[in-house]
Amino acid sequence: MDVVEVDELSGGELLDHAADLADTQHRCEIGILQAAVQHAYLHHRDRLDPAESGRPGRERSRRLGGAGTPEVTEFAAAELAARLGMSTISAGLLMADGLDLHRLPQLWHGVEAGQVRVYLARLVAGKTRDLTPEQAAYVDSRVATYADGRLTWTRFQALLEAVVAAADPEATAERERNAAQHQCARPTRGQENEHGLRGFYIRAPFTTVRVFDAALQQIADLPADLGEVDDLDKRRVKALPVLSRPDLAAELIAAYQTWRDRTDDPPTCPTKHPTSPAPAPSRSSTGPPCCRRS
């Protein structure tokens, strides 16, 4: 491929050049996937001597893809990885995805025709690996039309998850039951714990998180009505210690509501009247009991 001096191109020429590069990249991705599949077929289990492969340390065969795909000699991935400049694991996944795409004929045809994005086809291949050939074909028939890049990654992934769940409802229900056993509420570890800060991770049923989020938001909204200048995220953090004391949270809400409902000297809410020239109420003796200065 000729080297192009991009700094010498005009705006339109540069865009044309970028489009040509994208087209070349797409065709290369298709070609590499096709080569990986053929490499897997060439390294089928029949190449191995049964007497030799049964001995300790000798090469064996294993199934990289889903049910119905052929077994491949286990050193084949390392050979492909060395040529493509990737890890053995990545090369094995590339071959597995290519083999599984033969269980998804509509997607595979679209890939070879250049109509289906390779990364989307590989996503479907990986998600259907544990399905039966019939279930995989069901998914293929439902998602192949949308694998041309018309949907965003998030929307396509959501569509795929729904179709996979419909293809194998029993396995989906089992995964949900297993996931329900892995609930937690614990401090985080890692790079986010620095500069004197630490995270807290919650994995719980949807309703639990929704109730917690609503309660936290209710407490965080109170200071804003009193003229608090901190942004919402900081107010939510400040609300956490209050929420950890149910008695204090209940007292705060009750006192605030009493203060808001009083008829004398009603407070001005800058958040509800952004054009009002009146200053925000001070946290003096006229505020709710929980916010009065000593």
Side-chain angles (χ1 to χ4, degrees), residues 151-166 169 172-294:
L151 299 180
T152 63
W153 171 267
T154 302
R155 291 186 63 189
F156 183 80
Q157 196 171 32
L159 170 65
L160 177 58
E161 293 286 353
V163 175
V164 170
T172 300
E174 181 64 23
R175 287 193 296 270
E176 291 178 351
R177 286 191 293 268
N178 292 336
Q181 303 303 315
H182 296 84
Q183 301 181 32
C184 65
R186 59 169 179 257
T188 59
R189 300 177 182 178
Q191 296 180 349
E192 67 272 19
N193 300 327
E194 56 186 9
H195 306 303
L197 301 175
R198 192 171 189 181
F200 196 88
Y201 177 72
I202 298 176
R203 179 181 172 86
F206 176 84
T207 53
T208 300
V209 174
R210 184 175 182 180
V211 169
F212 174 78
D213 181 66
L216 189 67
Q217 187 65 41
Q218 183 181 18
I219 300 298
D221 283 342
L222 302 186
D225 211 13
L226 296 170
E228 175 64 70
V229 296
D230 283 339
D231 60 31
L232 177 60
D233 286 334
K234 289 183 179 179
R235 297 200 312 271
R236 285 170 65 90
V237 171
K238 290 181 178 180
L240 281 171
V242 178
L243 198 60
S244 68
R245 287 276 308 278
D247 56 332
L248 180 60
E251 180 183 353
L252 172 62
I253 294 173
Y256 174 81
Q257 192 61 47
T258 300
W259 179 67
R260 288 291 296 176
D261 292 343
R262 67 198 182 107
T263 57
D264 59 315
D265 189 23
T268 300
C269 177
T271 60
K272 295 183 179 179
H273 305 284
T275 59
S276 173
S282 62
R283 298 183 182 179
S284 62
S285 58
T286 61
C290 56
C291 298
R292 292 176 183 170
R293 292 196 182 100
S294 58

Ionic contact status for Arg236 with Asp213, cut-off 4.0 Å: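 Here Asp213 pairs with Arg236 in a salt bridge, since their nearest N and O are under 4.0 Å apart.
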
Interatomic spacing from [atom1] in [X] to [atom2] in [Y] - rounded to 0.5 Å:
{"X": "Leu248", "Y": "Ile219", "atom1": "CG", "atom2": "CD1", "value": "8.0 Å"}
{"X": "Arg235", "Y": "Leu222", "atom1": "CZ", "atom2": "CG", "value": "9.5 Å"}
{"X": "Leu240", "Y": "Lys238", "atom1": "CG", "atom2": "NZ", "value": "12.5 Å"}
{"X": "Thr188", "Y": "Ile202", "atom1": "OG1", "atom2": "CD1", "value": "11.5 Å"}
{"X": "Asp221", "Y": "Gln217", "atom1": "CG", "atom2": "CD", "value": "4.5 Å"}

CZ (Phe206) with more than 12 external heavy atoms under 6.0 Å: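 Atom CZ in Phe206 is not crowded, with 12 or fewer foreign heavy atoms closer than 6.0 Å.
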
Under the side chain to side chain contact (heavy atoms under 4.5 Å, CB included) test, residues paired with Asp231 that sit two or more places apart: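 By the side chain to side chain contact (heavy atoms under 4.5 Å, CB included) rule, Asp231 matches Asp233, Lys234.
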
Qualifying residues under side chain to side chain contact (heavy atoms under 4.5 Å, CB included), relative to Gln218, sequence neighbours excluded: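 Once residues adjacent in sequence are excluded, the partners of Gln218 under the side chain to side chain contact (heavy atoms under 4.5 Å, CB included) criterion are Ile253.
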
Taking every non-hydrogen atom, the tightest pair across Ala220 and Leu232: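 Shortest heavy-atom contact: CB-CD1, 4.5 Å.
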
Considering all heavy atoms, the nearest Arg203-Ala179 contact: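 What the structure gives for the nearest pair is NH2-CB, 3.7 Å.
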
Thr207 side chain to Arg210 side chain, donor-acceptor N/O pair below 3.5 angstrom: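 No donor-acceptor contact under 3.5 Å links the two side chains.
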
With sequence neighbours excluded, residues passing salt bridge (charged side-chain N to carboxylate O under 4.0 Å, His left out) with Arg186: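 Expected list: none.
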
